[in-house]
2 protein chains.
Amino acid sequence: MAKQNTVFKDAFNRCLRLVAETATLPSEPELGTALGVSRTTIRAILARMETLQLIAWNKREKRVLRQPVAADYYPAEETDSLSDIIERSFMRRILAGGAEPGMQINELELARDIGTGTTSVREFLIRFSRFGLIEKRPNSHWILKGFTREFALELTEVREMFELRSAASFTTLAADHPAWLELSRIEALHREILADIDNRYREFSELDERFHLLVHKSSSNRFIIDFYDIITIVFHYHYQWNKTNARERNALAMEEHLAYIAALKTRDLAKVEAACRRHLQSARETLLQSIQ
Amino acid sequence: MAKQNTVFKDAFNRCLRLVAETATLPSEPELGTALGVSRTTIRAILARMETLQLIAWNKREKRVLRQPVAADYYPAEETDSLSDIIERSFMRRILAGGAEPGMQINELELARDIGTGTTSVREFLIRFSRFGLIEKRPNSHWILKGFTREFALELTEVREMFELRSAASFTTLAADHPAWLELSRIEALHREILADIDNRYREFSELDERFHLLVHKSSSNRFIIDFYDIITIVFHYHYQWNKTNARERNALAMEEHLAYIAALKTRDLAKVEAACRRHLQSARETLLQSIQ
DNA sequence: ATTTTGTCTTTTATCCACAATAGACAGATT
DNA sequence: AATCTGTCTATTGTGGATAAAAGACAAAAT
């Protein structure tokens, strides 16, 4: 097997949702931009839909013949890209499984475990190494440095520097900058979720990322923005793993966010800094608690 | 061709220098640690030396038979690792060659150009992407973001944050911490080179890296230390490329270093910050000048 | 009792092949 | 005149093969 056709399968599934909504599909280029894939893939999707008798396809005409049913969709497991699969598998190993710091990581073993080729695993490890959790010994193995207390402290130290700097530049954005609108949208979402916290507290993780990324982006600094990837991945897996008191923690964090957002809106640097520090402080504590 | 034997060739050359100095070579493990390679490679080296009649090898006895001559050495081009070759070749393309920002980078073309397989080029690009000069479009090409003014400004912004923080933690190191000794050694080297600046100003580049890395290391933060890789590579190629007024620039920078070192030694935070800022300011200007 | 060597196994680095996907271009259609 | 489709080519993503290098272990030597 060479390349996997996950792009096709995922786009096919998304295209089925379009089929459910209209009587005729638009042109190939239009579908391509809508689904974010090339015309080659679009034509493969259309051909498959024709085979399944979902549409009648003749040049420009793409008439919907019937509504898609569950059996038309590709199973969700088949639409994940290989690198996502490797990432998940790897993170489970090093976070959930008892992975000791200092442990050796074996490309071949990892590849066999996941059921993939070594090349993909190798490329994943290279990409992943910038997160500071593993380190390469050339011509030899990788070393797991581990999700330790030191790691968390180093991570949060830089995060705090970057976020304070970003928050400060947020206050200097022009009044008509789209970030202000997005900030208001995020604020509204906070209030919505808080109003129904018992049912919706799980939505916090995604909202948290969206908010902090917005702040980081206002730095206009690629290094600061890229660094946020590390935060994202750490917190993402951390949330999946440590669910004690999630409701309370999330509610508290959202209150802090609201105070932080309010401070940003005043454009008063001292207030922004105070609110930002307060939130980062409790975020750090949450992270540290989950480690030891 | 699978793996290239550059490790062997490079270690062989270095081992020839040992042969020139002694009558008998030490044990295999000892040689291994001295040259930083495994026993497998050491044994390959010894076998080759035996073939060349450089040594008489019988178990523990490794008697030197003759002095190595120029012809015994492998040519320098053959001892560079493939990733170094790719890096150099790539940097020449994007720095020296007129590479426009926004240009597409083609793995296949790059590989053909360098005369190597695509896998190695691909892995290089993945590793290199953390420097923020290129960006990947999945399933498609890479985009060259270019060594632009924005890049330099974003880089120096983070550098200044990190170095100020590191310099501050330097002042809190225990008096018997080895960093103080290394600092004094670096200081002495500065004075030596300044005393003979006309002949030795080219040594600055290496000294500069050694000094700033020492400062960054005192942060004990892997993200700060890793970031210094970016600075290193940018300045490394930048020095090779822009040589106008090198003597004056380097002399000035060294004077600033001396002031910075003196400030560190007082452990007075205000003085450290002032000296550090002054130096970073002029380093930034030098970099910016070379760009437009 | 340690260290060294001989031998063997395992793993990494690298190239190559091939399917999936992107993308280019000319002719067809509105 | 602009957009769309049919067809073709080029490039990326991934598995597999293989030489180089690392590393394990027992027997041999100090």
Side-chain angles (χ1 to χ4, degrees), chain A residues 1-11 26-32 36-47 57-62 81-83 85-86 104-112 114-126 136-142, chain B residues 1-11 26-32 35-47 57-62 81-83 85-86 104-112 115-126 136-142:
Chain A
M1 246 165 290
K3 214 169 176 175
Q4 314 208 222
N5 57 350
T6 54
V7 171
F8 162 75
K9 287 179 179 169
D10 181 58
S27 76
E28 294 172 12
E30 208 169 321
L31 275 171
V37 295
S38 75
R39 255 190 71 219
T40 307
T41 304
I42 292 296
R43 286 174 70 82
I45 291 172
L46 292 174
W57 180 27
N58 181 16
K59 309 206 168 171
R60 313 206 163 198
E61 194 193 29
K62 304 163 193 94
S81 84
L82 186 51
S83 47
I85 295 172
I86 296 177
Q104 295 184 9
I105 298 169
N106 187 312
E107 293 176 4
L108 201 57
E109 186 191 326
L110 211 53
R112 274 191 297 242
I114 303 176
T116 178
T118 48
T119 313
S120 314
V121 168
R122 205 178 151 74
E123 288 182 4
F124 166 76
L125 291 172
I126 295 172
K136 175 138 195 62
R137 297 291 150 90
N139 286 309
S140 184
H141 49 260
W142 291 80
Chain B
M1 243 163 295
K3 213 171 179 175
Q4 313 207 226
N5 57 350
T6 54
V7 170
F8 162 74
K9 287 178 178 170
D10 181 58
S27 76
E28 294 171 12
E30 210 169 320
L31 275 171
L35 297 173
V37 295
S38 74
R39 255 189 71 218
T40 306
T41 304
I42 292 296
R43 286 174 69 84
I45 292 172
L46 292 174
W57 181 26
N58 182 15
K59 310 208 167 169
R60 318 210 157 196
E61 193 193 28
K62 305 164 192 88
S81 84
L82 186 50
S83 48
I85 295 172
I86 296 177
Q104 294 184 8
I105 298 169
N106 187 311
E107 291 176 6
L108 201 57
E109 187 192 326
L110 211 54
R112 275 192 295 242
T116 177
T118 47
T119 315
S120 313
V121 168
R122 204 178 152 74
E123 287 182 4
F124 166 77
L125 291 173
I126 295 172
K136 175 138 196 60
R137 297 291 149 93
N139 286 308
S140 182
H141 49 262
W142 292 80

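So that the names make sense, note that chain A is the first sequence line, chain B the second, and so on, each numbered from 1.
Where A/G115 and B/V7 meet DNA chain D, the nucleotide closest to each residue was compared, and A/G115 sits on the side nearer the 5' end. When each of A/S81 and B/T6 is assigned the nucleotide of DNA chain D with its nearest heavy atom, A/S81 is the one assigned upstream, toward the 5' end. Comparing B/E61 and B/G117 by the nucleotide of DNA chain C whose heavy atom lies nearest to each, the residue mapping closer to the 5' end is B/E61. Mapping B/S120 and A/G36 onto DNA chain C by nearest heavy atom places B/S120 closer to the 5' end of the strand.
Shown here for A/V121 and A/L110, the closest heavy-atom pair between the two residues is CG1-CD2, 3.8 Å. Taking both residues in full, the closest heavy atoms of B/L82 and B/S120 are given as CD2-OG, 3.5 Å, listed atom of the first, atom of the second, then distance. When all heavy atoms of A/T41 and A/F8 are compared, the closest pair comes out as CG2-CA, 3.9 Å. Taking every heavy atom of both residues into account, B/K62 and B/E28 meet most closely at NZ-N, 4.0 Å.
At the heavy-atom level, A/K136 lies under 4.0 Å from the strands shown only through sugar-phosphate atoms. Backbone-only contact: B/Q4 has heavy atoms under 4.0 Å from sugar-phosphate atoms and none from a base. Looking at heavy-atom distances under 4.0 Å, B/K9 makes no contact with the nucleic acid at all.
Rotation axes derived from the C1' atoms of the five outermost pairs at either end of the helix from C/dA1-D/dT30 to C/dT30-D/dA1 lie 40° apart, to the nearest 10°.
Within the 4.5 Å cutoff, the side chain of B/E107 has no heavy atoms near those of the B/F124 side chain.
Counting atom types as modelled, B/T116 pairs no side-chain N or O with a base atom of C/dC15 as donor and acceptor under 3.5 Å. A donor-acceptor contact under 3.5 Å links the side chain of B/K3 to the base of C/dT12.
Put simply, B/K62 has a side-chain N or O that comes within less than 4.0 Å of OP1 or OP2 on C/dT5. Between B/T118 and C/dC15 there is no side-chain N or O to OP1 or OP2 distance below 4.0 Å.
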Classify every nucleotide of nucleotides 23-30 of chain C by which part a protein heavy atom approaches to under 4.0 Å, writing B for the base, S for the sugar-phosphate alone and - for neither, in 5'-to-3' order.
BB---BB-
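Note: CZ (B/R112) to P (C/dC15) measures 15 Å, nearest angstrom. Following rounding to the nearest Å, A/L110 (CG) and C/dT11 (C1') show an atom-to-atom distance of 13 Å.
In 5' to 3' order, the nucleotides of DNA chain D bounding all contacts with chain B (an atom under 4.0 Å from a heavy atom) are D/dT11 to D/dA29.
A distance-only check finds no donor-acceptor pair linking the side chain of A/N58 to the backbone of A/E61 [under 3.5 Å]. Proximity of a side-chain donor or acceptor of A/N106 to a complementary backbone N or O of A/E109 within less than 3.5 Å is detected.
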